[in-house]
Amino acid sequence: MERFRRPLAVICLVLIGILIVTALVLAVIGTEQALRLLAADLFCLIVVPVAFYGYQMLLNAKKKDQEDDQE
């Protein structure tokens, strides 16, 4: 599971970067549909890092459980 951590972090950073650029473009456009998409984009900007952090917490908990079992 440890080998998935770095590629997942890179994917998360790229996704956050894309979401930030998209939010800027949608804010400049300013149409009614763009504002709806902007709200969804901002929601994703909150959910993606939280999901990544939760995944990291699960990996750490699993690693600690495996270490405890080995002792």
Side-chain angles (χ1 to χ4, degrees):
M1 287 300 212
E2 190 69 30
R3 63 187 172 119
F4 294 120
R5 189 176 234 165
R6 185 167 291 177
L8 186 64
V10 171
I11 291 169
C12 186
L13 287 174
V14 169
L15 184 60
I16 289 172
I18 291 170
L19 287 171
I20 289 172
V21 170
T22 306
L24 291 172
V25 170
L26 289 171
V28 170
I29 292 172
T31 63
E32 186 175 331
Q33 183 66 23
L35 293 178
R36 289 182 188 159
L37 291 171
L38 179 61
D41 190 26
L42 294 176
F43 175 76
C44 289
L45 274 170
I46 294 170
V47 170
V48 168
V50 169
F52 179 68
Y53 183 72
Y55 183 72
Q56 280 187 328
M57 285 178 45
L58 288 174
L59 283 178
N60 287 338
K62 187 173 182 179
K63 183 178 178 182
K64 286 181 184 179
D65 286 343
Q66 288 177 352
E67 289 174 358
D68 290 342
D69 290 342
Q70 288 178 356
E71 293 176 358

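Just so it is clear, the values below take in all heavy atoms, side chains as well, and ignore hydrogens, waters and symmetry mates. The first residue in the sequence is number 1, and the count goes up from there.
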Undergrad: Treating Ile, Leu, Val, Met, Phe, Trp and Tyr as nodes and any side-chain heavy-atom pair under 4.5 angstrom as an edge, say whether Leu35 and Leu19 lie in one connected cluster.
TA: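 Leu35 clusters together with Leu19.
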
Undergrad: Taking side chain as C-beta onward, heavy atoms only, is Ile29 less than 4.5 Å from Val25?
TA: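 Side chain of Ile29 against side chain of Val25, heavy atoms only: contact under 4.5 Å found.
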
Undergrad: Can you give me the closest heavy-atom contact between Ala23 and Leu38, atom names plus distance?
TA: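 Closest approach of Ala23 to Leu38: O-CD1, 3.5 Å.
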
Undergrad: Could you tell me the separation between the CG atom of Leu13 and the CD1 atom of Ile18, rounded to the nearest 0.5 Å?
TA: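 Result: 11.0 Å between the selected atoms.
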
Undergrad: Taking all heavy atoms of Ile16 and all of Pro49, pick out the closest pair and write down the distance.
TA: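 So the two residues come closest at CD1-CG, 3.8 Å.
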
Undergrad: Nearest 0.5 Å, what's the CG-CD distance between Leu59 and Gln56?
TA: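 Answer rounded to 0.5 Å: 7.5 Å.
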
Undergrad: To the nearest 0.5 Å, tell me how far Asp41 CG sits from Leu24 CG.
TA: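 Between Asp41 CG and Leu24 CG, I get 9.0 Å after rounding to 0.5 Å.
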
Undergrad: Please say yes or no: joined through hydrophobic side-chain contacts below 4.5 Å, possibly via intermediate residues, are Leu42 and Leu15 part of one cluster?
TA: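 Yes; Leu15 is reachable from Leu42 via cluster members.
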
